[in-house]
Amino acid sequence: MTMVKKQPRLGWGLFKGLGVAILVTLAGVAIFALVMQWVRPTEEAVRWFNQLLKLLAVAAGVWAATGKGQPGGLMRGALLGLTYMGLGVAMYALLSGQSASITSYLADLGMGVAGGGLCGMILSNISSK
């Protein structure tokens, strides 16, 4: 008799992963704001940090949402990345009053899908033992 590993429900995992991703983002922004008091980074450095923080947040969120060795990591990760980036794009558009180009928004969404999917794929292939 073989034991079938119970797969976590998508809704709860996505919600948990989004929560972790948002917390990582808030912590990263707060730390970077403190660092900016002593180091005056260029606009280019701020852009790079922003992109790296988004990828780190997606990776942490995917880890929380899927865990190691769970099936469907690619799709779960891609969905989490798309949802996280979609929320980020919407919040930026609403709160900043500025409008970035559609290609910029699409690039962010694509980065979220690709980064989340890749992270989910890697995590699903790591043994949970």
Atom pairs and distances, donor-acceptor, side-chain atoms in residues 108-125, under 3.5 Å, two or more places apart:
unit_1: Asp108; atom_1: OD1; unit_2: Lys54; atom_2: NZ; d: 3.2
unit_1: Asp108; atom_1: OD2; unit_2: Lys54; atom_2: NZ; d: 2.9
unit_1: Ser124; atom_1: OG; unit_2: Gly120; atom_2: O; d: 3.2
unit_1: Ser124; atom_1: OG; unit_2: Met121; atom_2: O; d: 3.0
unit_1: Asn125; atom_1: ND2; unit_2: Met121; atom_2: O; d: 2.8

What's the shortest heavy-atom distance between Leu14 and Leu80, and which atoms? CD1-CA, 3.6 Å
Same cluster for Leu18 and Leu23 if Ile/Leu/Val/Met/Phe/Trp/Tyr side chains link at under 4.5 Å? no
Kindly give the heavy-atom pair with the smallest separation between Pro41 and Val46, and that separation in Å. CG-CG2, 3.9 Å
Nearest heavy-atom pair of Ala60 and Val24: which atoms, and what distance? CB-CG2, 3.8 Å
Under 4.5 Å between side-chain heavy atoms, hopping through other hydrophobics if needed: is there a path connecting Leu56 to Val20? yes
Residues clustered with Leu26, ILVMFWY side-chain links under 4.5 angstrom: Ile22
Quick note, salt bridge (Lys or Arg N to Asp or Glu O under 4.0 Å) partners involving residues 16-25, not counting sequence neighbours, are none
Co-membership, hydrophobic cluster, residues Ile31 and Leu55, 4.5 Å side-chain: no
What residue pairs, at least two apart or across chains, pass salt bridge (Lys or Arg N to Asp or Glu O under 4.0 Å) with a residue in residues 81-94? none
What pairs with Thr25 under side chain to side chain donor-acceptor pair (under 3.5 Å), at least two apart in sequence or on another chain? Tyr84
Ala65 and Gly13 have their tightest heavy-atom pair at CB-O, 3.1 Å
Hydrophobic side-chain clustering at under 4.5 Å (ILVMFWY, transitive links): who's grouped with Leu95? Put none if nobody. Met91
Hey, is CD on Glu44 packed in by over 12 heavy atoms from elsewhere, all under 6.0 Å? yes
Could you note down all residue pairs passing ring-ring contact (aromatic ring centres under 6.0 Å, His included) where residues 31-59 supplies at least one of them, sequence neighbours left out? Phe32-Phe49
Residues at least two apart in sequence or cross-chain that pass side-chain contact (heavy atoms from CB on, under 4.5 Å) with Leu52, listed by chain then number, are none
With Thr42 via side chain to side chain donor-acceptor pair (under 3.5 Å) - residues at least two apart: none
Heavy-atom nearest pair, Ala57 first then Ala21, reads O-CB, 3.3 Å
Is Leu87 reachable from Val89 through a run of I, L, V, M, F, W or Y residues, each pair having side-chain heavy atoms under 4.5 Å apart? no
Show every salt bridge (Lys or Arg N to Asp or Glu O under 4.0 Å) that has at least one partner inside residues 20-36, sequence neighbours left out. none
Residues two or more places apart in sequence or in another chain: which of them pass side-chain contact (heavy atoms from CB on, under 4.5 Å) with Ser101? Thr103, Ser104
Pairs touching residues 92-106 that satisfy salt bridge (Lys or Arg N to Asp or Glu O under 4.0 Å), sequence neighbours left out: none
